[in-house]
Every structure is written in structure tokens, then in C-alpha cells.
Peer 1: 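Below are the C-alpha cells for one structure; questions will follow.
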Amino acid sequence: MSLEDELLKQRLERIREIEELGYRAYGRRYEFTHTIPEILAAYGAKTAEELTPETHVRIAGRVLTPRYMGKAGFAHVQQNGERLQIYVKKDAVGERDFRLFKMLDIGDILGVEGYLFRTRTGELSVHAEKLEFLSKTLLSMPEKWHGLADVETRYRQRYLDLIANPEVRKVFVTRARIIACLRRQLEARGFIEVETPMMQPLYGGATARPFITHHNTLDIDLYLRIAPELYLKRLVVGGLERVYEINRNFRNEGLSTQHNPEFTMLEFYQAYTDYRGLMDFSAELLAQVALDATGSTEVEYDTGKLDFGRLERYSMREAVVHFWEGEGCPTLDNVCDPEWLLRHSGKATAGEALTDIFERVVEHQLIQPTIIFDYPVETSPLSKNKPEDPAFVERFEIYAAGMEIGNAYTELNDPQEQRRRFEMQLAMRERGDEEAHQMDEDYIRALAYGMPPTGGEGIGIDRLAMILTGSRSIRDVILFPLLRPEGPIDLVRLMRELDRK
RNA sequence: GGGCCGGUAGCUCAGUAGGUAGAGCAUGUGCCUUUUAAGCACAGGGUCGCGGGUUCGAGCCCCGCCCGGCUCACCA
């Protein structure tokens, strides 16, 4: 008999014993007086003398590290990521509760009623007077000292990761705080939150390959959205002048430490501003988010200390000159010269060449939070041209720790120009560029009703969360990152067999 | 998709030169009424990722496959 069979059998037998003692193996409502973090906050600083049997509490949580010593014992109880010790003495809880206590397995969920005191070694503890059994664990918990280390298990069984590795919980709490902070700041500036379709008949707003799904009743294929952009701008046309959405995008492309097929994006649109306005706004947003998430605008990361208190700004051309490494550093005139650009890249157009050179030379060096602005028109079908330089558009991206975390532009609101841009993209598509933008005639129609001048921006929440939680992989900030299916688990068969007996 | 690394008990990991598969934690039994990685004694637990091959003999060598990590390419 394998250990797992044996363990399950033991645990099922134990359920019977627990029920024989008159407890429910899977309990019901338990009225606690404090959460464990509340107790630690309220009484953590109290001395033994200040704690009297009158400091009566009821707590609940998962049992960890029980230590039995004959007719008494200790255990830690964990709730919301924090632990409080309990002391269970036979004389204090009585025969029945003490038998229950000795039956506990690591991971069982328990309610404890008693008073707070300090042990001989000074640890704040609950002197138990009454126990309530709340839920049974049938499987054994990860090792108490090393936690759960196997990366694959951590991602597949995130609940175990959360139980065994307290810092994981902190990452996701911080992630939630980041999102809350962004919402708060946007709301404070009069933005309203909306939800736009995730299933779209046409996909757009970014360059990426989509996932395809099917609606049976309508018998149509739909795309999981690669971006909400075009819908959000329709709303700006409709008079929702400050609008945002925080939600998932889906891109059918490679996986890496910086890419998950579904990822969370904030997109916001503000009428009557432009990309310059958004640069200032972005600086405020990011500084506040860093402060809320980490307590400081200066954030430690693998790549060194990042200062979100100030965003450096370079045009793409300036950046190529500024960050050039080694021989042959170009001048600003060089990077404006199509011939020079085409000599330094295999791309077909000067704009694509500049982007190519930028990505090769500059991108990996953008460790400090930095805004790069003024992009070639070729790579930006939805942005407005610079009036004095129509080969470029009013667009910027925000980089930090060598990653792109934001993308913003003055929105193109001229429907004729938008039509021409889409047609340019269609031509690229016909030349085999699968990621080129589709023609979206309804979007053109919306613009034809007149969209106010507008600035729009997208911020990658996962990458921002990576930076602000010190995570090296995007999978560490996504609770359930996409993995290949794991194959047979074989627990159900076992449980079925044991159920018959 | 390419390259590199990994998969051994429920968990964390050892495994010499190819020679009967190990430790700690966890589990079971016993002792123990302020311990805290509790302690002490004894016990149970393994398709060594899967499938082939080489060999008298494979956890170890060879081939194929599966799963994961890192990395490169593409992308945000």
C-alpha cells in the first residue's frame, strides 16, 4: 500500500473518530472575536502582566506544527498569513477536547476559545478552554521548514503555495493594492470604470495573434480580445470622456518570464488631453502606486534601485543617441536620416529601422523608469501624427527594469486618416504580416461621428506588479499562470475505493 | 521552436565507480502538563517522470517521449 493510500485511509478513519467524539469533521459557522492578525496587532506588545484570563478570545485557522507533550501541547494556528500559538492543556479543556487535540493533523482547521497569555519563553498564546473542529485535511501539507519549493507544484496548486510560503501571499496582497491604488487615483480624477467585450467579432487595438472561440447559437467565431482600446474610444465618442478598464487581454503568442497568454491591462482614455498630458499623469500615477505598494517611490529590484519618483524622458531618436554603446555613436541628424537608419537595420522603412535599432540598442538599458516618446508612424496605426513631422506619431512608452510597462498616445481621431492607416495595415497583412491590424469599419463609423481630441494609455498590471513585488517571473504575480495540463491525479479513484469500504 | 538545467518517499533533498534505494520533515505506536524546526524509542511508506536499448546487473550509460525552470527568437 502506498503512503498516499495509507494516509487517506488513516485520515478517513480519523474523521470517523472525530465524529464519534461528537464533532463535525466539516464544521459550520464559527464566530471568532478577532482574526489572528488583529490579535497580533492588538496584543503583540502587551506584557505577561497586562494579559489576564479576562482577555478572552475566539480564533480560527489552520493548525500548523502541533507539539504534543503528554497531557498538554502547543500548536500554531495560521489565519490570513499570520500565526498565533495555542496552548492546550487537558485540565483546561477537558477530556473530550483534549482527545480531539491529540487527533489533529497538520492542516486541519480549528476554532479555539480561551484567554491570551505569554508562555515561559514569552510567546503570545491562547490558553485554550474550548476547541471546535472546523475542517479536516485529507492530504499532508508541505514540509514545515522548507515550505513548498517545487515550482511546478507552486503554480499548479497555488493554494498550497499560499499556505506554505507566506511571502507569496504578500505578493498577491501587493498586487491587489496596486490595482486598488490605480482605481482610486483614476476615480479621484473623474474616470469611470467600464467593462467592454472580451469576445469580439473583430480584434484590434494592438498587434498580436488572437485566440479564437465559437458561439454555438449565433454560429460565429469570436476572438478573445487582444486589447479593449477600440471599444473604449467608442465610449469616448459617446461622451464618456474619462473612462478606464482594468481587465484581461489574451494574446496567442509565446510564453516567457514576461509573457502570459492572458494578462491584465489598465487602459484609460481622457478627452481633451494629449500624450504630453498623459506623461505628467503617468508620472503621478506610478509614483503613487509605488508608494502604496512598497512604502516608497524607490523600489529595489534585481536590476538595482528604481526611482518612480521621477520618470526620465527621451524621444526615441534621442534615446538611440544617448544609450548608444561602443563605436560609431550616431548624431541626432543621423537618426533622423533615412539612409543612415536603413544602413543600420535590415528593415524596409526608415521608421521600422529606427524602432529596430531602438529595440536592439536601448531597450535593455531602460532600467530606471523612463518615458520614450515620438514613435514612427509605421508601428502605430491608431496614434495621431506629429503636426511638424508626420512620419512620427505622438506616442510614448514607459519602461522600467528593462521591460515595457506602459504605452500611450494622442489618439487618432480623424476618420479619413484612420481609414488610410487601416488600409496600410491591410496591405501589410496581405504581405503576410499576421499581426497587422484588421479593418474595423464600425470603429471608423464611430470616429466619423466625431471623437474629441483624446489621450489614451495602457499599463501592464502584471509587469508593474512584478517590479513592485520584486518578482522575476510574470508567473509569480499571476495566481494561476497557464501551464500544460498535468495528467492524471488519481485521487478520485482512491477516494471512491475507500468510500466503498 | 532552439540551447542549457531539472523530475528519486506526501514535502525538502542525498545517492560515490553501473552492484540489494537513503536522510530530515511528515505518517503510525509508545513516553512526556510552558513547547516552538519540541524531544526520545520503534515501525510503515518508493512504477527512481514514461517507454525502449546497452549490460550478468541501470536511479546512474544510450535513444525517444512527457512535464517544468532558465535562456534565445516573437510579443506587452
Side-chain angles (χ1 to χ4, degrees), chain A residues 1-11 13-14 48 64-76 83-93 98 101-102 105-107 117-123 125 127 137-157 160 163-165 205-209 226-227 249-267 359 363 379 397-399 403-407 433-435 458-464 466 472-476 481 483-488 490-491:
Chain A
M1 184 190 273
S2 82
L3 176 66
E4 201 170 28
D5 294 25
E6 195 179 291
L7 187 78
L8 256 182
K9 210 172 147 189
Q10 284 166 3
R11 299 281 167 102
E13 171 62 19
R14 193 148 284 169
L64 302 172
T65 60
R67 301 175 295 281
Y68 302 112
M69 289 158 298
K71 296 180 184 62
F74 291 89
H76 278 96
R83 296 172 180 197
L84 179 63
Q85 183 169 258
I86 61 170
Y87 176 56
V88 181
K89 190 166 67 164
K90 190 173 179 183
D91 296 346
V93 297
F98 195 71
F101 178 63
K102 291 189 76 166
D105 288 302
I106 294 173
F117 77 113
R118 282 194 186 273
T119 61
R120 207 170 276 165
T121 55
E123 179 165 346
S125 307
H127 197 291
T137 175
L138 295 180
L139 300 172
S140 61
M141 290 288 146
E143 211 250 4
K144 64 185 173 191
W145 190 242
H146 300 92
L148 181 65
D150 183 81
V151 177
E152 186 174 346
T153 310
R154 290 185 44 223
Y155 295 153
R156 288 195 195 280
Q157 296 178 265
L160 287 182
I163 292 167
N165 302 322
T207 53
R209 280 150 61 198
I226 58 173
N249 291 345
F250 306 87
R251 299 189 186 174
N252 204 341
E253 294 178 345
L255 291 77
S256 81
T257 47
Q258 292 173 33
H259 301 83
N260 194 62
E262 55 176 314
F263 63 101
T264 302
M265 185 95 141
L266 160 66
E267 282 201 17
E359 283 169 359
E363 209 171 295
T379 53
E397 294 195 346
I398 305 169
Y399 287 85
M403 294 187 286
E404 184 189 333
I405 58 169
N407 179 20
D433 184 348
E434 276 185 72
E435 296 190 347
I459 292 178
I461 299 298
D462 311 276
R463 288 183 178 177
L464 187 58
M466 283 171 69
R472 286 186 305 276
S473 170
I474 199 166
R475 295 183 196 94
D476 292 324
L483 300 177
R484 285 196 161 84
E486 76 173 307
D490 207 34
L491 177 62

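Values in this document were obtained by computation on a predicted structure and should not be read as measured data. Lettering of chains follows the sequences in order, A, B, ..., and the numbering in each one begins at 1.
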Peer 1: Could you give the distance from CG (Leu138(A)) to CG (Leu7(A)), rounded to the nearest 0.5 Å?
Peer 2: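 Rounded to the nearest 0.5 Å, the CG-CG separation comes out at 8.5 Å.
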Peer 1: Students often get this wrong, so: under 4.0 angstrom with heavy atoms, is Lys90(A) touching a base, only sugar-phosphate, or nothing?
Peer 2: nothing
Peer 1: Mind checking if Ile405(A) touches a base, just sugar-phosphate, or nothing, with heavy atoms under 4.0 Å?
Peer 2: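 The answer is nothing, as Ile405(A) stays clear of every strand by at least 4.0 Å.
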Peer 1: Heavy atoms under 4.0 Å, any strand shown: does Ala149(A) hit a base, just sugar-phosphate, or nothing?
Peer 2: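 Sugar-phosphate only.
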Peer 1: Counting any heavy atom closer than 4.0 Å, what does Gly73(A) reach on the DNA or RNA strands: base, sugar-phosphate only, or nothing?
Peer 2: nothing
Peer 1: Looking only at side-chain atoms of Phe74(A), point me to the closest of U34(B), G28(B), A76(B).
Peer 2: U34(B)
Peer 1: Pick base, sugar-phosphate or nothing for Phe250(A), based on heavy-atom distances below 4.0 Å to the nucleic acid.
Peer 2: nothing
Peer 1: Please identify each residue that fulfils side-chain hydrogen bond (donor to acceptor under 3.5 Å, both in side chains) with Arg11(A), with sequence neighbours left out.
Peer 2: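 Here the qualifying residues are Asp105(A).
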Peer 1: List the residues meeting salt bridge (Lys or Arg N to Asp or Glu O under 4.0 Å) with Arg118(A), not counting sequence neighbours, and say none if there are none.
Peer 2: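 Checked Arg118(A) against salt bridge (Lys or Arg N to Asp or Glu O under 4.0 Å); zero matches.
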Peer 1: Sort out for me which residue in Glu123(A), Lys144(A), Arg83(A) forms a side-chain hydrogen bond (donor to acceptor under 3.5 Å, both in side chains) with His76(A).
Peer 2: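 Going through Glu123(A), Lys144(A), Arg83(A) one by one, the side-chain hydrogen bond (donor to acceptor under 3.5 Å, both in side chains) with His76(A) is satisfied by Glu123(A) alone.
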Peer 1: Determine the Euclidean distance between corresponding P atoms of A41(B) and G7(B); express it in Å to zero decimal places.
Peer 2: 32 Å
Peer 1: How about Arg67(A): does its CZ atom have over 12 heavy atoms from other parts shown lying under 6.0 Å from it?
Peer 2: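 Check passes, neighbour count above 12.
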Peer 1: Tabulate atom names and distances for all N/O pairs under 3.5 angstrom spanning the protein and nucleotides 67-70 of chain B.
Peer 2:
| unit_1 | atom_1 | unit_2 | atom_2 | d |
| --- | --- | --- | --- | --- |
| C67(B) | OP1 | Arg484(A) | NE | 3.2 |
| C67(B) | O3' | Arg156(A) | NH2 | 3.2 |
| C67(B) | O2' | Glu152(A) | OE1 | 3.1 |
| C67(B) | O2' | Glu152(A) | OE2 | 2.4 |
| G68(B) | OP1 | Arg484(A) | N | 2.7 |
| G68(B) | OP2 | Arg484(A) | NH1 | 3.4 |
| G68(B) | O4' | Glu152(A) | OE1 | 3.0 |
| G69(B) | OP1 | Arg475(A) | NE | 3.2 |
| C70(B) | OP2 | Arg475(A) | NH1 | 2.9 |

Peer 1: Give the dot-bracket line for RNA chain B from 5' end to 3' end: parentheses for intra-strand Watson-Crick or G-U pairs under 3.5 Å, square brackets for crossings, | for inter-strand pairing, dots for unpaired.
Peer 2: (((((((..((((.....[..)))).(((((.......))))).....(((((..]....))))))))))))....
Peer 1: Side-chain N or O of Lys89(A) versus OP1/OP2 of U34(B): is the shortest distance under 4.0 Å?
Peer 2: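 No, Lys89(A) has no side-chain N/O under 4.0 Å of OP1/OP2 on U34(B).
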Peer 1: Can you sort out the partners of Phe74(A) under ring pair (Phe, Tyr, Trp, His ring centres under 6.0 Å), two or more places apart, ordered by chain and number?
Peer 2: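 With neighbours one apart ignored, the set is Tyr87(A).
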Peer 1: With rounding to the nearest 0.5 Å, note down the distance linking CG in Leu483(A) to OH in Tyr155(A).
Peer 2: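 Rounded to the nearest 0.5 Å, the CG-OH separation comes out at 8.5 Å.
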Peer 1: Looking at the side chain of Leu148(A), which of G28(B), A26(B), U12(B) is the nearest nucleotide?
Peer 2: U12(B)
Peer 1: Test of understanding: with side-chain hydrogen bond (donor to acceptor under 3.5 Å, both in side chains), list the residues that count as partners of Ser125(A), not counting sequence neighbours.
Peer 2: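 side-chain hydrogen bond (donor to acceptor under 3.5 Å, both in side chains) list for Ser125(A), sorted by chain: Gln85(A).
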